Structure formats: structure tokens, C-alpha cells
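The model shown is predicted, which means the values in this text are computed figures rather than measured ones.
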Amino acid sequence: MAPTVMNDPKLQLKGHTYWVRCATWSPDGSLLATGCADKSLRVFNAEGAEVYKVAHPDWVWCVAFSYTTKKKRIASGGLDGCVRLMEAETGREILQMKDHSSTVNAVTFNADGSKVLSGSYDKTAKLYAVSNGKTLLTLDGQNTPVLSVAFTAAEDIITGTARGEVRVSDLTGKTLQLLQAHDGPLLSLSVSADGGMLASGGGDKIAHVWKIGEGGQLSKQQTLKHAEQVNCTMFSPDSLLLSTAAADGHVRVYEAGREWDELARLKGHSDEANSVSLACKGARVLLASASDDKTAAVWDLSSVAVALRVAQARAAKGGGGGGGAVPK
């Protein structure tokens, strides 16, 4: 069965004047943050209205949210080598962490929001305390730029490098596993909310899905071929969907964890798709994408998610309903 093709997004987010490098939903799906080469971080509400804008001294490359019962935070990184920590709802700056000597390519929070992890062109990954900005750990044995970072459910650190390596380390910096994951730069890492899967995207036009086993050990589960390099991989909050953004401008949406069928292809961008993020708001599933065409967009995948749940329910009862192979 061919994927559903969408050409028109639900919303176009206005105001960007250069490449939009990232788009990230808050955990509750109420806010969407974008980072842009026009040196700005913008935050929008779910209806597409701009809530605030934070000017940066250089390109904003990456953005991450952390929501806990006590605090809502947002972190940004970019070409100035600084990781900034802000209040998520207002943009008020709280801390600057300036330990990197080159571009910050990726940032992410741990599950309880107490730590933020960054990866940089300076060939290091750094772990910071959110409470005071103190550097807790520097992983400097990469010997190549660190392009992507993630935490496992057990708080092991995963880094992806310009050589295509994926490294799993514990919080002391000890390497638990080192794999040659891609034949080219490893551009993206995403861990599923259930903690069982890791998705990686690379310059070799491939997205790999890895099973995360005991002790953070990775074993390859699935390979998804693309027409161009895979700039971003992201699971939905319910771990049912995997989305990818690629240099051909397309965003692809797959069924996660079962047949890995391609369910939808979003073709609304006219240049590289750099980033993708998914939010679940009740029965609604929204996907945000960012592109070098100077736009960020919001797509409604609710009908795709409903069809998937129906098909999975039928399959569980022995009634079939699974999708077929999709040509790449």
C-alpha cells in the first residue's frame, strides 16, 4: 500500500528570513520552537501565533525542551558555541554554558530535566547541570565532530559523529559500546519514549533503527533507505510512529516497531528538510518540520495515526490490515 502523500501543511510558521535549522515541540504539544540561521529562536503556540523571539549572536542550530512538575525549560545551541538555558514560556535567559570552542550541533535534556547534553564541532560532548550550568562531564575521545546526542532511559549517553560512529557511554564517561553505524556523518539520534529503540540518520541516505538492550547495548533492527541524506529522525511521544527529514525536502512517516511501512510522505518543502518533531494532543497527532526553504510547517497526521491504530487492532485479532512494501 502506497503512503499517503501530503503537499499542503496545516500551518506555515511565518517570520523566518533564512534557513530554519530545527523545529521542536514542547512535551505537552502547546509550544513549538524553531532555530534559524537568521540568528533567532522563535516560539509559537499550537495555532501558529508567535509567542516570543530570542535574538542570538549567530545561527541557532538546535533546540530542546524539558518540562517537569516544577520547571519548564528550553535550551539552544548554535554557531557561537554557547548552550543557552531559558524559561520555556517566556524566553527569559537563565544560564549560558560556554565550554565549547566551536558550533553546538545538538542539545537534549535527560528525563527529569536536571542535566543537558550537547555535542559540538570541537569534537566533544558535554554534560551540564541545569541548576547551575556546571560542566559535569566532557567526552573528548571522539576525535571527530559530535553531530548528534541522546540519552537512553537508563541515562547512558549516546553520541553520533562525523565519521558515522555511534558511541554509548555511562555518566562517568566510560565507553560501553562503539559501533560504525553509518558510511558518512551520523546526523541525528532519537530514542523512543518507551526506551526500547534508537533511530539514527546519516549522510549515507539511510535511517537505521536499533534495539536498545541491557546496559545500553545496541543491535540493528531495521534499515530504511532514502533518496538523499537523512538529516533528522524522531519518534512520536507514543512510540507508534517514526518520522525522518531528508535532503530531498521530503518528510517520511513510518509505522514504528512492527512492519516499518511508510505511512505518509510530506512534500511541502522546496529545499532540504532539516528537522522533524511530533506531538500528541489527545487524538490529534501533529508533526512540525523545518527546512532550508526558510519555512517551518505543521502537519496534521491524526487520520494517519487513526488508520494505523485500526490496522493494528485488526491484525491483533487476526484480520490482517497491515500495509505492504513501499517503493523508495
Side-chain angles (χ1 to χ4, degrees), residues 15-24 26 31-43 50-67 71-110 113-142 144-151 157-162 171 173 185 187-189 231-232 274-275 277 290 292 296:
H16 305 95
T17 60
Y18 208 1
W19 303 331
V20 186
R21 299 302 306 170
C22 57
T24 305
S26 62
L31 297 176
L32 175 63
T34 62
C36 187
D38 65 10
K39 304 180 184 179
S40 71
L41 178 151
R42 286 178 167 86
V43 172
E50 186 174 304
V51 179
Y52 63 83
K53 172 185 172 181
V54 179
H56 285 56
D58 214 325
W59 294 7
V60 181
W61 211 256
C62 49
V63 177
F65 279 99
S66 172
Y67 276 25
K71 296 178 181 178
K72 297 180 179 180
R73 298 288 184 253
I74 186 170
S76 67
L79 266 68
D80 66 347
C82 179
V83 176
R84 288 174 170 80
L85 185 68
M86 294 157 279
E87 290 182 350
E89 295 178 319
T90 67
R92 184 183 71 85
E93 187 173 286
I94 300 168
L95 288 171
Q96 290 188 10
M97 292 156 277
K98 299 181 178 180
D99 277 9
H100 286 298
S101 60
S102 188
T103 300
V104 176
N105 298 308
V107 292
T108 191
F109 289 92
N110 68 336
S114 64
K115 304 179 187 73
V116 64
L117 175 66
S118 59
S120 172
Y121 272 122
D122 67 8
K123 304 180 182 180
T124 71
K126 292 183 181 290
L127 185 67
Y128 300 98
V130 168
S131 60
N132 56 16
K134 180 181 178 181
T135 303
L136 302 174
L137 177 69
T138 297
L139 295 172
D140 57 4
Q142 318 286 326
T144 186
V146 180
L147 305 182
S148 48
V149 295
F151 282 106
I157 294 169
I158 310 177
T159 54
T161 74
L171 291 179
L187 301 168
S188 176
L189 291 169
N231 292 322
C232 185
N274 297 315
S275 176
S277 181
D292 277 359

[Y] side chain reached by [X] side chain, heavy atoms, under 4.5 Å:
{"X": "Asp292", "Y": "Arg21", "result": "yes"}
{"X": "Thr135", "Y": "Met97", "result": "no"}
{"X": "Tyr128", "Y": "Asp99", "result": "yes"}

Identify the two heavy atoms, one from [X] and one from [Y], that lie closest to each other, and give their separation to 0.1 Å.
{"X": "Ser76", "Y": "Val60", "answer": "CB-CG1, 4.3 Å"}
{"X": "Cys82", "Y": "Gln96", "answer": "SG-CB, 3.7 Å"}
{"X": "Val104", "Y": "Ser118", "answer": "CG1-CB, 4.1 Å"}
{"X": "Thr34", "Y": "Val20", "answer": "CB-CG1, 4.1 Å"}
{"X": "Ala106", "Y": "Ser148", "answer": "CB-CA, 3.9 Å"}
{"X": "Leu41", "Y": "His56", "answer": "CB-CE1, 3.7 Å"}

Side-chain donor or acceptor of [X] paired with backbone N/O of [Y] under 3.5 Å:
{"X": "Arg73", "Y": "Gly113", "result": "no"}
{"X": "Ser275", "Y": "Ala23", "result": "yes"}
{"X": "Ser102", "Y": "Tyr121", "result": "no"}
{"X": "Ser120", "Y": "Thr103", "result": "yes"}
{"X": "Thr108", "Y": "Ala150", "result": "no"}
{"X": "Asn105", "Y": "Val146", "result": "yes"}
{"X": "Thr17", "Y": "Asp38", "result": "no"}
{"X": "Trp61", "Y": "Gly78", "result": "no"}

Original post:
If you measure from CG on Asn132 to CD1 on Ile94, what distance do you get to the nearest 0.5 Å?
Top reply: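 Nearest 0.5 Å value for the CG-CD1 distance: 12.5 Å.
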Original post:
According to the interplanar angle, ranging from 0 to 90°, do the rings of Phe65 and Tyr67 count as parallel (below 30°), tilted (30 to 60°) or perpendicular (above 60°)?
Top reply: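 Aromatic pair Phe65/Tyr67 classed perpendicular.
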**OP:** Dump the intermediate steps for side chain to side chain contact (heavy atoms under 4.5 Å, CB included) on Leu127 and Leu171, then the final yes or no.
**Re:** CA-CA 9 Å; Leu127 185 67; Leu171 291 179; 3.8 Å; yes
Original post:
side-chain contact (heavy atoms from CB on, under 4.5 Å) with Phe109: which of Ile74, Val116, Leu117?
Top reply: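 Of all the options given, the one that passes is Val116.
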Subject >> Residue Lys123 excluded, over 12 heavy atoms near NZ under 6.0 Å >> reply: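 Counting other residues, nucleotides and ligands, NZ of Lys123 stays at 12 neighbours or fewer.
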**OP:** Classify the side-chain pair Asp140/Thr138 by whether it contains a donor and acceptor separated by less than 3.5 Å.
**Re:**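 Not at all, the side chains of Asp140 and Thr138 share no donor-acceptor pair under 3.5 Å.
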Subject >> Pairwise side-chain hydrogen bond (donor to acceptor under 3.5 Å, both in side chains) hits with a residue in residues 77-92, at least two apart >> reply: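 Output for this query lists Lys72-Glu89, Asp80-Arg84, Glu87-Thr90, Glu87-Arg92.
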